[in-house]
Amino acid sequence: MEPTAFLGSASRPEDFPAGEGNEIAFLGRSNVGKSSLINALARKKGLAYTSSTPGRTRSINFYRVDGKVVFADLPGYGYAKVSKAEADRWKWLVESYLLHRKELVLSILLLDARRGWMEKDLELKRWLEFHNRRYVVAVTKIDKLKSLTEVRRGVEAIRNVSPDVPIAPFSAITGQGVRELWQTILKSVKIP
Ligand code: GTP
Ligand code: MG
């Protein structure tokens, strides 16, 4: 068994690959950095497909990482040029996954450090809380902020909205936050 490998892509629940236990879902707006975060955590550039064009991924991509966990890269939301039908499809696919995927142990909700919580993120947050789904927040692209003070301010603004949720600042450029996120993930993992 390859310790780190692409397991498949699914645009409907029937196509989800067989579970391998301990699955982590990556959620967030289009272009926020979900696929880049997966590559950083897996220490493997190009494992997950990244793109500067938002809204490319419309399916869920599954990756086994280090023979330990499975990462599910969910399609992004909030991209303006999406039709109502496509937005409905996103909702159906993502909600089916989050409600019924037995192996799911944790969701990581990504927020852009420069934007913080936006309306669609808050909707998803409320949905996760209503359905009692565990999640943590990763604040991405902190390398784009000019100073540590700005990073701290951004994280504080996010924490004010979600005081009880762990928040990890992260940059795919500098690698900052990779260790902390792994620690958070491993805490959620049930080791047999
Ligand atoms: P979708 O699949 O469209 O939903 O996007 P995504 O959330 O997977 O974003 P992706 O990882 O493809 O990154 C989008 C763009 O942001 C790419 O051009 C990345 O290189 C860039 N990016 C991602 N993370 C970081 C980061 O931490 N710092 C900086 N400076 N750029 C980043
Ligand atoms: Mg992506």
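In each ligand, atom 1 is the first atom listed, and ligand 1 is the first ligand listed.
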Within-cut-off N or O pair, Lys34 and ligand 1, under 3.5 Å: yes
Residues Arg134, Ser188; criterion side-chain hydrogen bond (donor to acceptor under 3.5 Å, both in side chains); working and verdict: CA-CA 9 Å; Arg134 281 197 58 218; Ser188 304; 3.1 Å; yes
Decide whether an N or O pair under 3.5 Å exists between Asn31 and ligand 1. yes
Counting only nitrogen or oxygen atoms and a 3.5 angstrom limit, does Ser35 reach ligand 1? yes
Considering the heavy atoms of Gly76, write down every atom of ligand 1 situated less than 4.0 Å from one of them. 4 (O)
Tell me, which pairs form a salt bridge (charged side-chain N to carboxylate O under 4.0 Å, His left out) where one or both residues lie in residues 23-41, sequence neighbours left out? Glu23-Arg101
Output the list of atoms in ligand 1 that are nearer than 4.0 Å to some heavy atom of Val32, sorted by atom number. 7 (O)
Under 3.5 Å: N/O of Phe170 near N/O of ligand 1: no
Where's the contact between Asp143 and ligand 1, heavy-atom distance under 4.0 Å: side chain, backbone, both or neither? side chain
Is the Mg ion (ligand 2) under 2.8 Å from any N, O or S atom of Ser35? yes
Could you tell me whether ligand 1 has any atom less than 4.0 Å away from a heavy atom of Gly28? no
Less than 4.0 Å between a side-chain N and a carboxylate O, is that true for Lys125 and Asp121? no
Does the distance from a Lys or Arg side-chain N to an Asp or Glu carboxylate O, for Glu119 and Arg126, drop under 4.0 Å? yes
So the atoms of ligand 1 within less than 4.0 Å of a heavy atom of Ser36 turn out to be 10 (P), 11 (O), 13 (O), 19 (C), 23 (C), 24 (N)
Sort and list the pairs that fulfil ring-ring contact (aromatic ring centres under 6.0 Å, His included) and have at least one residue in residues 10-29, not counting sequence neighbours. Phe16-Phe62, Phe16-Tyr97, Phe26-Phe71
Taking the basic N atoms (NZ, or NE/NH1/NH2) and the acidic carboxylate oxygens, is any pair closer than 4.0 Å for Asp15 and Arg12? yes
Is the closest heavy atom of Thr140 to ligand 1 under 4.0 Å? no
Where ligand 1 meets Gly33 - atom numbers and elements under 4.0 angstrom, heavy-atom basis: 6 (P), 7 (O), 9 (O), 10 (P), 11 (O), 13 (O), 23 (C)
Determine whether more than 12 heavy atoms belonging to other residues, nucleotides or ligands lie under 6.0 Å from atom CD of Gln176. no
Less than 4.0 angstrom from a charged side-chain N to a carboxylate O is my criterion; do Glu156 and Arg159 meet it? yes
By number and element, which atoms of ligand 1 are closer than 4.0 Å to a non-hydrogen atom of Ala172? 24 (N), 25 (C), 26 (C), 27 (O)
Face-on cation placement of Lys120 at Trp90 ring, 6.0 Å and 45° thresholds: no
Any atoms of ligand 1 less than 4.0 Å from a non-hydrogen atom of Ile173? List them with their elements. 28 (N), 29 (C), 30 (N)
